[in-house]
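Values below: every heavy atom of this structure, side chains too, minus hydrogens, waters and symmetry copies. This is a predicted model, so every value here is computed, not measured. In each ligand, atom 1 is the first atom listed, and ligand 1 is the first ligand listed.
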Amino acid sequence: MAHLVEVELEAREVEWEFAPGRSITGFGFNGQIPGPRIEANPGDTIAVRLTNRLPQPTLVHWHGIRVPAEMDGTSAVQRQVEPGETFDYRFDVPDAGTFWYHSHANETEQIERGLYGPLIVRGADEPTFDREQVVILDDLKLGEDGELSPFGDPHEHHAGREGDIRLLNGRQEPELQIAGGQVERWRIVNAANTKYVRLSLGGRPFSIIGTDGVLLSESREATEVLVTPGERVELAVGPFDEGDVIEIEGLPYDRGKGESERACFGTLRVGATAPSRVSATGVPAPIEPLAAEGTEPNRTIDMKALMHGGHDQRDDPVRVGELQVWDLVNETGSDHPFHLHGFFFQVIEANGEPPPVVTWKDTVNVQKKSRVRIAWLPDNRPGAWMYHCHILEHHAMGMMAHFEVIA
Ligand code: C2O
Ligand code: CU
Ligand code: CU
């Protein structure tokens, strides 16, 4: 049975105590950072009344949700919501998965200040875990005065904005708990402006059970996973032994700006052992490939040209029902997380190699000096859409394009 999920979101300034005794002026929804968790089941309708009490205009985008174009929350489809105004978003959620909502106006500042939250769509028969946690990763760049470092620093245009304060669910390096012997489902979102997180749990093995938009039919064992800004990943975490203390960390990664330092996001403390009731039933069927390996692209997106193209680029329209095979070519010296609004795509090859698993994504890392081929099918949601680099400073600089889906 489909339900109506009604939510009031008030965007306003909030004293954000990101660590005990340390606060800055953040932007939060309903006074919270991250904003309230919105939960629904596939087929439900979400109705959000947004009220803007910020000192600047805003918009809310539903990252990864296959909304109608008018509800996408970009300035291509609606007027910005001015201070004091309200706007009603209303859309159905067709797919189960881990999504997030975030500001789509002056994002470099508004998202850095905390204007984002999780949106969870829970499928009917999914594998059950002992417990679930939503883990939103982020960072903060503060100046020596302890306030947010000023926005618009020209150095950030290319390098992006990365800070030394690492946040997990809006708090600096917090402690999470897990019971010994139990296995949890972690829904991970990278909400940072720029920071790439090569996530590790102190080197312990975990299973990757889902990507941006879906659960995988076969989980993959790993000890690390790269989560770029905008991406989500779902993990099965545990079991661990009572008394273990495990670091939730970002390993060094070179996205083209030199190798980053190891970064701690938080600690996982393993409590008393409890019985486990994990069941692997409800694992979804394998995803059919949209396009065979070697399918020729019908569009090439040159990320270098995009990066230097300036604001408000337009790309050619695509037609409902016509398979899109796009080559994302990155000849720049750094990685870029490519994000497509409103539609899922499949990676069909990266540097000529097929991906380890066929899955749905809405954000994919295109490594420096590399090429990723994606396939996607515009379903019947005509209107104005866009794609962009999810390094927010790159997006702001114009590393984006609008295009139409036409009937
Ligand atoms: Cu998270 Cu325009 O996107
Ligand atoms: Cu998006
Ligand atoms: Cu970029």
Side-chain angles (χ1 to χ4, degrees), residues 34-35 58-69 71-78 89 91 93 95 97-108 110-112 115-119 136-138 156-162 189-196 212-213 227-232 255-257 301-310 312-313 328-345 360-370 372 376 381 383-403:
T58 195
L59 288 169
V60 180
H61 168 60
W62 316 95
H63 183 127
I65 305 273
R66 295 191 294 139
V67 294
M71 291 292 132
D72 196 37
T74 69
S75 49
V77 295
Q78 72 173 104
Y89 291 97
F91 50 87
V93 285
D95 311 295
T98 302
F99 304 98
W100 63 303
Y101 59 95
H102 62 74
S103 156
H104 220 279
N106 188 20
E107 296 96 317
T108 49
Q110 294 192 3
I111 295 182
E112 175 81 341
L115 214 48
Y116 57 76
L119 199 170
I136 306 187
L137 305 171
D138 192 3
E156 289 178 3
H157 293 342
H158 278 93
R161 180 181 173 103
E162 292 191 58
V189 180
N190 184 347
N193 286 32
T194 293
K195 178 133 192 87
Y196 275 53
D212 292 341
V227 197
T228 71
E231 270 189 314
R232 285 89 62 217
R255 62 179 175 88
K257 304 289 166 196
I301 295 174
D302 176 350
M303 302 189 95
K304 189 168 192 174
L306 204 61
M307 182 145 190
H308 298 292
D312 273 342
Q313 321 205 22
L328 313 175
V329 178
N330 179 7
E331 282 170 351
T332 76
S334 59
D335 293 16
H336 300 282
F338 174 91
H339 170 49
L340 174 66
H341 273 223
F343 300 86
F344 291 127
F345 55 78
W360 294 110
K361 303 273 296 159
D362 56 56
T363 308
V364 66
N365 189 39
V366 187
Q367 282 186 342
K368 50 189 181 284
K369 309 287 177 201
S370 79
V372 170
W376 64 284
R381 285 172 300 128
W385 295 99
M386 71 187 301
Y387 57 77
H388 60 84
C389 176
H390 220 289
I391 290 179
L392 301 178
E393 289 68 28
H394 292 177
H395 178 194
M397 211 174 52
M399 198 169 183
M400 52 152 291
H402 294 286
F403 66 96

Exercise. What's the verdict on side chain to side chain donor-acceptor pair (under 3.5 Å) for T74 and H402, showing C-alpha distance, side-chain angles and the deciding distance?
Worked result: CA-CA 10 Å; T74 69; H402 294 286; 5.5 Å; no
Exercise. Can you tell me how far the CZ atom of R66 sits from the CZ atom of R381, to the nearest 0.5 Å?
Worked result: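 It comes to 5.5 Å.
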Problem set entry | Gap separating the CG atom of L119 from the NE2 atom of H102, nearest 0.5 angstrom | 11.5 Å
For this session: Could you tell me if the ring centre of W385 sits under 6.0 Å from that of F403?
Result: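 No, ring centres 6.0 Å or more apart.
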For this session: Mind listing the protein N/O/S atoms less than 2.8 Å away from atom 2 (Cu) of ligand 1? Waters don't count.
Result: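 Only H104 NE2, H341 NE2, H388 NE2 fall inside 2.8 Å of atom 2 (Cu) of ligand 1.
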Exercise. With H395, which of H388, H390, H339 fulfils ring pair (Phe, Tyr, Trp, His ring centres under 6.0 Å)?
Worked result: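 Looking at H388, H390, H339, the match for H395 under the ring pair (Phe, Tyr, Trp, His ring centres under 6.0 Å) is H388.
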For this session: Just jot down the salt bridge (Lys or Arg N to Asp or Glu O under 4.0 Å) partners of R255, sequence neighbours excluded, or say none.
Result: E162
For this session: Please list, chain by chain and in numerical order, all residues satisfying salt bridge (Lys or Arg N to Asp or Glu O under 4.0 Å) with D212, sequence neighbours excluded.
Result: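 By the salt bridge (Lys or Arg N to Asp or Glu O under 4.0 Å) rule, D212 matches R232, K361.
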Problem set entry | Residue and atom names of protein N/O/S atoms that fall under 2.8 Å from the Cu ion (ligand 3) |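 Hits for the Cu ion (ligand 3) below 2.8 Å: H336 ND1, C389 SG, H394 ND1.
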Exercise. Are any side-chain N or O atoms of N193 and backbone N or O atoms of L392, one a donor and one an acceptor, separated by less than 3.5 Å?
Worked result: no
Problem set entry | Note: E393-R161 ion pair, threshold 4.0 Å (strictly below) |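 The answer is no: the pair does not qualify as a salt bridge.
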